Amino acid sequence: MARQKPIRILDARGRPIRSPASGYNQLRAIHQNPASRERIEEQSLELSEHNFRNARNAGRGLYNDFVVCRGLVREIARFVGTKLATTYNGQNEEWGESATSYLTKSNRALDIRGRGYTADRLRLDILTRLIVDGEVGVLMTRAKTTGAPKLQLVYGEYLGTDSQDPAYANGVLRDSVGMVQAYQVGEETISVDNLIWLTLPGYEFGGRGLSPLGMARIEWLDVNKFHQYELLAQRLFASRALKVTNPAGEAMLPGATVDDIDTDSDVVYENFEAGGIEYFKSNHDLQAFDWGARPSKNTQDFFSRMLSWTFYDLGWDLDFSLEQRETGGASIRVSSDRTRNTARHYFDHVIRHTMARVDGYRLAVGVKNGRIEEPEETDDYFSWTYSGGLLVTADRKYQADVDRVELENGLTTREEIAANRQQSYPELRAQRQKEAKGELEDRAALYDEALAMANGDAQKAAFILNQKAATEK
């Protein structure tokens, strides 16, 4: 494989190379101008290269401006991208141990940006970009000084930005049967062997990825606008403290003074910085202004329904993230199962696919640099099992009980249970053996100590151990 140099993302002054806007101006224009919203709705019916960029920019604007949207993306990335376990499943166990150690050390500074940008951080960035932008590239390159394998993220705005070749459709070069051969990134042409271009299933358009957030921007904007209107209503009603009635039935105009009033219902009104003080005659009736329970239960239910549509588009469940106090029992377990299936979907189509290619590349470079020995079988480069992510469940005890019953009845296996928990069963089994061996060694040492105290009498030694165990309890 030819060595691919890192791509220049910044110019000589450290500024980003020409790229489209981040989406703030477009999104704020939609907020303020209803006509802009109508144009966006019309554009959503027809997918063009222009609208493809608009979707990405709108997705970035939503992620930066809406706290719920940003929290949703981070939660998905955290549940899917953390705690990756890599297990060698080939025949050469000795080579597998050395390769596992090499990959673990490489994970500490896998990103081309340097230390601190670990493999865990890289996976979180990949998932975040996929949900926000709809696409992201992973360039397999090397460090300039050491030649160590490195990865560099390539964002969508750099793909095809300077391409004048008509053979490149939106920065992607395909052969006669539609297979991708290369990508145009700025001024460079990069082979598909060196650049992994990731998109989400169902959001691919012409070899590129559409932003899931950008495609649902109308729904997200409706949620935000509804929330703003309700907050405005609450601010208006919260500014009213008292309701005043009087026999004359005449209203007191704001800012009026005693001299301005020529009625029997004279009211003194005094302005000051934090509000107002009113002096009323004894025949005035004062009541607390009752503005009702806003938002009402129906309003809250409608708002939750609107918000759940946006979550549903990404396969995530609103009840699992924000409404667990309102949902319980079987309903929350159904919500957890649905969310778990989505997390597994992202893991299988993004993390497992990406890390299989990346680890094969890293091992090949490690062999070339003399860091590890060359395996006897070429398949060993890709003989790895991946599991990871956080356990998605609302009731760990209930989930453990279900796993135990199904295991006893032969309906599942320990390996499948570990996979559902995003863990590696071979690693768990090896750790359990290690712990059991340590416990046996501790017991043997205690027995030898008790036997010495009992002058070689095994019965007395057993009595001493029992007494010690009873004392510790």
Side-chain angles (χ1 to χ4, degrees), residues 20-48 50-77 128-134 200 202-203 210-240 289-327 335 339 342:
S22 62
Y24 287 115
N25 296 333
Q26 179 201 29
L27 202 64
R28 292 203 171 102
I30 298 173
H31 279 309
Q32 301 171 1
N33 187 359
S36 299
R37 174 197 169 98
E38 295 177 0
R39 287 196 299 270
I40 291 297
E41 289 176 339
E42 294 175 359
Q43 292 172 359
S44 299
L45 301 178
E46 179 183 357
L47 296 177
S48 64
H50 174 71
N51 296 331
F52 162 80
R53 292 196 182 100
N54 285 344
R56 180 179 64 236
N57 295 335
R60 293 183 180 182
L62 291 168
Y63 178 78
N64 286 283
D65 289 345
F66 295 169
V67 61
V68 176
C69 182
R70 185 165 60 252
L72 170 63
V73 174
R74 289 178 176 178
E75 184 177 53
I76 296 176
T128 300
R129 286 301 104 198
L130 276 177
I131 299 174
V132 175
D133 293 355
L200 291 176
Y203 291 95
L210 288 164
S211 167
L213 292 184
M215 294 295 289
R217 56 191 178 275
I218 296 301
E219 286 72 19
W220 278 106
L221 292 174
D222 286 341
V223 169
N224 183 69
K225 186 63 67 175
F226 184 86
H227 183 248
Q228 289 180 355
Y229 286 159
E230 183 59 35
L231 287 178
L232 180 62
Q234 292 197 37
R235 289 177 59 187
L236 175 64
F237 286 121
S239 65
R240 303 293 186 262
F289 181 74
D290 183 13
W291 50 281
R294 291 196 69 121
S296 65
K297 185 64 169 60
N298 291 338
T299 302
Q300 296 181 55
D301 292 343
F302 180 68
F303 181 78
S304 297
R305 176 67 64 87
M306 294 175 62
L307 194 59
S308 67
W309 293 344
T310 59
F311 277 57
Y312 185 74
D313 184 57
L314 293 176
W316 215 249
D317 199 284
L318 177 68
D319 293 336
F320 178 81
S321 296
L322 300 176
E323 304 288 346
Q324 290 192 14
R325 290 184 299 177
E326 305 293 334
T327 310
S335 174
T339 305
T342 299

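Numbers for residues simply follow the sequence, beginning at 1. It should be emphasised that the depicted structure is a prediction, and the values quoted were computed from it without experimental measurement.
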- Query: Under 3.5 Å, side chain of Arg217 to main-chain N/O of Gly214, donor-acceptor pair present?
  - Reply: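 Yes: the side chain of Arg217 pairs with the backbone of Gly214.
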
- Counting only N and O atoms by type, is there a donor-acceptor contact under 3.5 Å from the side chain of Arg56 to the main-chain atoms of Asp133?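 Not at all, since once roles are kept as given, no pair shorter than 3.5 Å links the two residues.
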
Side chains of [X] and [Y]: does their closest heavy-atom pair fall under 4.5 Å?
X: Leu307; Y: Tyr312; value: no
X: Ile131; Y: Tyr203; value: no
X: Leu314; Y: Leu213; value: yes

Hey, could you give me the [atom1]/[atom2] distance between [X] and [Y], rounded to the nearest 0.5 Å?
X: Glu219; Y: Leu221; atom1: CD; atom2: CG; answer: 9.0 Å
X: Leu72; Y: Trp316; atom1: CG; atom2: CH2; answer: 8.0 Å
X: Ser211; Y: Asn54; atom1: OG; atom2: CG; answer: 11.0 Å
X: Leu318; Y: Phe311; atom1: CG; atom2: CZ; answer: 5.5 Å
X: Asp222; Y: Lys225; atom1: CG; atom2: NZ; answer: 10.0 Å

- Task: List for me each residue that meets side chain to side chain contact (heavy atoms under 4.5 Å, CB included) alongside Thr128, sequence neighbours excluded, and say none if there are none.
- Result: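 Testing Thr128 for side chain to side chain contact (heavy atoms under 4.5 Å, CB included), a comparison that skips the adjacent residues, returns Tyr63, Val73, Ala77, Val132.
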
- Item | ring pair (Phe, Tyr, Trp, His ring centres under 6.0 Å) partners of Phe302, counting only residues at least two apart |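 Partners of Phe302 by the ring pair (Phe, Tyr, Trp, His ring centres under 6.0 Å) criterion, ordered by chain and then number, come out as Phe226.
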
- By salt bridge (charged side-chain N to carboxylate O under 4.0 Å, His left out) - contacts of Asp301 (at least two apart):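 Testing Asp301 for salt bridge (charged side-chain N to carboxylate O under 4.0 Å, His left out), a comparison that skips the adjacent residues, returns Lys297.
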
- With sequence neighbours left out, what residues match Asp317 under salt bridge (charged side-chain N to carboxylate O under 4.0 Å, His left out)?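 Once residues adjacent in sequence are excluded, the partners of Asp317 under the salt bridge (charged side-chain N to carboxylate O under 4.0 Å, His left out) criterion are Arg338.
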
- With sequence neighbours excluded, residues passing side chain to side chain donor-acceptor pair (under 3.5 Å) with Glu230: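 Once residues adjacent in sequence are excluded, the partners of Glu230 under the side chain to side chain donor-acceptor pair (under 3.5 Å) criterion are Arg294.
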
